[in-house]
There are 2 protein chains.
Amino acid sequence: MPRKSKTCPRREESLTRDHIIEVSIELLDSSGEGGLTFRALAERLATGPGALYWHIDNKSDLMTAACDSIVTRAMAESVEGETPKAAIRALALGMFDAIDAHPWVGSALTRALGQQPIVRIVERIGQQVRLLGVPNDHQWAAVSALLHYILGVSGQNAANTQFARTHALNRTDFLEAMANVWSQLDPEEYPFSRSVAGQLRTHDDREDYLAGIDLILAGIDANPSSNE
Amino acid sequence: MPRKSKTCPRREESLTRDHIIEVSIELLDSSGEGGLTFRALAERLATGPGALYWHIDNKSDLMTAACDSIVTRAMAESVEGETPKAAIRALALGMFDAIDAHPWVGSALTRALGQQPIVRIVERIGQQVRLLGVPNDHQWAAVSALLHYILGVSGQNAANTQFARTHALNRTDFLEAMANVWSQLDPEEYPFSRSVAGQLRTHDDREDYLAGIDLILAGIDANPSSNE
DNA sequence: AGTTAAAATGGAACAGTGTTCCATTTTCGG
DNA sequence: CCGAAAATGGAACACTGTTCCATTTTAACT
């Protein structure tokens, strides 16, 4: 690991952990999850793969760092929210949009549990859940439900986006295709999935997502405020 | 793809899609997600990697099939449940235990969205949500919230299990270590995560998980029964 | 300014992966 | 019994993350 030097570095754009992460994000955004390889990264940075390992432990470290960069940005942008519930909604939407813009974050976050990016999110949700007046011993359940819903739906959405991307069709066509498959399922065995296929076709992802958030928030309200 | 032959096949245990999937599950269970390689699989089946491709499209296909096998089994076992809520709880616990026993399913399911295993789960949840009396246009939000919570928590749990396994420590030690990290966070910046670290140390995963399910179920109850 | 140890670099090499290809063997209907 | 189709298994390909190491650049100290 390098330490900061006071004089100017070797060349105009020296190899920096931050710079490597920055280019990694560009690569991930443009070429998807499989687009980030040490070879491609090295080429863009005009160096060899070995040099990268001076600044980065391994690929998992790199992915986590890239995620953290996106999450940090998303959290900074969604600071608004006058009431705790509004703040949670804003935060949830911020994550949704961030993962929608950077689909690879969705799947990567599920492999970075307990690490920095997740802690950031947990903390923000937790503070609002506290303000909501949830008693101490119920806070974790509430935060956990919100966290996993947010990561789950955003991740699914991201997976859809990525699938659509790699198969060169837009989201509408993808949902259309999926709705078609679902609506052709055996009516005896899959009555619900069939009936809901129509909704899939026309639904607004963000709206459904927010509806789910409100559902969980309603549950937090309705839950017995325990022993106080 | 082979078609069923009436006479007995080449050797005692011929290469079958089902048999390949069966051995794949054994391999995944014993050696984790990275343990399933076409080389290892071929060795166990006493054949070459190329032969497998006659029965299986690619690795992703194989993983989805393996997941579907586990999910189908889990759903078949958790048929009990007198009330819709009890049925949902039983189903949720069934998935939790199945993913706990086969951690690789947790991460694999997030990459098999819209496919057979997921549809199976959606259908089962959906039928119970219907019985719960949720109006049509709110059913998808309810199912989606439950589905993503189930997959999210189970997946996190599985990730923890796998991490603990590969680092050769039991779950308690792992949670202990994670709680330690969290409790040493900056009190100014991470007050909630610090305070909740203690709960992490002693909590019962299954209990917290069920608490979250009940939270969402409460939200479904509390939600305005819309325009009817 | 000269010396020296540390920091940083970049390319070659390694072990491993999923997948393809194809010569060969086995199977079974006509 | 034969020939087409099904099935096999191993070699080869392109690619991956990672390690290694000779080399260059930097910064600090006489």
Side-chain angles (χ1 to χ4, degrees), chain A residues 1-24 27-28 30-67 104 107-108 111-112 166, chain B residues 1-24 27-28 30-67 104 107-108 111-112 166:
Chain A
M1 292 291 155
R3 44 185 206 143
K4 44 186 163 187
S5 59
K6 285 165 193 172
T7 70
C8 66
R10 160 183 310 211
R11 36 173 170 146
E12 217 54 40
E13 289 252 322
S14 159
L15 227 43
T16 303
R17 184 178 161 93
D18 282 343
H19 189 217
I20 293 176
I21 293 171
E22 193 184 328
V23 175
S24 296
L27 228 39
L28 285 163
S30 64
S31 315
E33 196 159 4
L36 177 62
T37 69
F38 279 78
R39 306 280 200 290
L41 197 50
E43 194 179 2
R44 276 225 187 183
L45 290 163
T47 179
L52 302 173
Y53 278 84
W54 187 260
H55 305 271
I56 275 157
D57 288 349
N58 47 48
K59 190 169 185 179
S60 150
D61 172 42
L62 179 58
M63 284 298 283
T64 306
C67 280
W104 48 273
S107 39
R111 275 167 264 144
T166 56
Chain B
M1 291 289 159
R3 44 185 204 145
K4 43 188 166 186
S5 59
K6 285 165 190 169
T7 71
C8 67
R10 158 186 307 211
R11 35 175 170 143
E12 218 53 40
E13 290 252 320
S14 160
L15 228 43
T16 303
R17 185 178 160 93
D18 282 343
H19 189 218
I20 293 176
I21 293 170
E22 193 184 329
V23 175
S24 297
L27 228 39
L28 286 162
S30 64
S31 315
E33 197 160 4
L36 178 63
T37 70
F38 279 79
R39 307 270 199 296
L41 196 51
E43 195 178 2
R44 276 226 186 183
L45 291 164
T47 180
L52 302 173
Y53 278 84
W54 187 262
H55 304 270
I56 276 157
D57 288 348
N58 47 46
K59 188 169 186 180
S60 151
D61 172 43
L62 179 57
M63 285 296 285
T64 306
C67 279
W104 48 272
S107 39
R111 275 167 264 144
T166 56

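These numbers come from a predicted model, not from an experiment.
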Value in whole Å for how far the P atom of C/dG18 lies from CD of B/Glu43: 14 Å
Distance in angstrom units between B/Leu15 CG and D/dG9 P, rounded: 7 Å
B/Ile56 side, atom CD1; B/Met63 side, atom CE - distance, nearest 0.5 Å: 12.0 Å
Earlier contact from the 5' end, DNA chain D, for A/Asn58 and B/Ala51: B/Ala51
Heavy-atom donor-acceptor pair, A/Thr16 side chain to A/His19 backbone, under 3.5 Å: no
Between C/dT19 (C1') and B/Asp61 (CG): distance, integer Å: 14 Å
Interatomic distance where OH belongs to B/Tyr53 and P belongs to D/dC13 [whole Å]: 17 Å
Residue A/His55, side-chain heavy atoms: nucleotide from C/dA8, D/dT19, D/dT8 that is nearest: C/dA8
Given C/dG10, D/dA7, C/dA8, the nucleotide with the shortest approach to the side chain of B/Trp54: D/dA7
B/S/- contact track for nucleotides 12-17 of chain C, protein heavy atom under 4.0 Å: -B---B
Atom-to-atom span, CZ of A/Arg17 to P of C/dA8 - whole angstrom: 13 Å
Gap separating the CD1 atom of A/Ile20 from the CH2 atom of A/Trp54, nearest 0.5 angstrom: 12.5 Å
B/Leu62 vs B/Leu52 side-chain heavy atoms within contact, under 4.5 Å: no
A/Ala66 to A/Ile21 - nearest heavy-atom pair and separation: CA-CG2, 3.9 Å
Distance, rounded to the nearest Å, where A/His19 contributes NE2 and C/dT9 contributes P: 12 Å
Short side-chain N/O contact to C/dG10 OP1/OP2 from A/Thr47, under 4.0 Å: yes
Note, A/Arg17 side chain near A/Asp61 side chain (heavy atom, < 4.5 Å): yes
For atom CE of A/Met63 and atom C1' of D/dT16, their distance in whole Å: 15 Å
Atom-pair distance (CD1 on B/Ile20; C1' on D/dG9), nearest Å: 13 Å
Test item: B/Ser31 side-chain N/O and B/Leu28 main-chain N/O as donor-acceptor pair under 3.5 Å: no
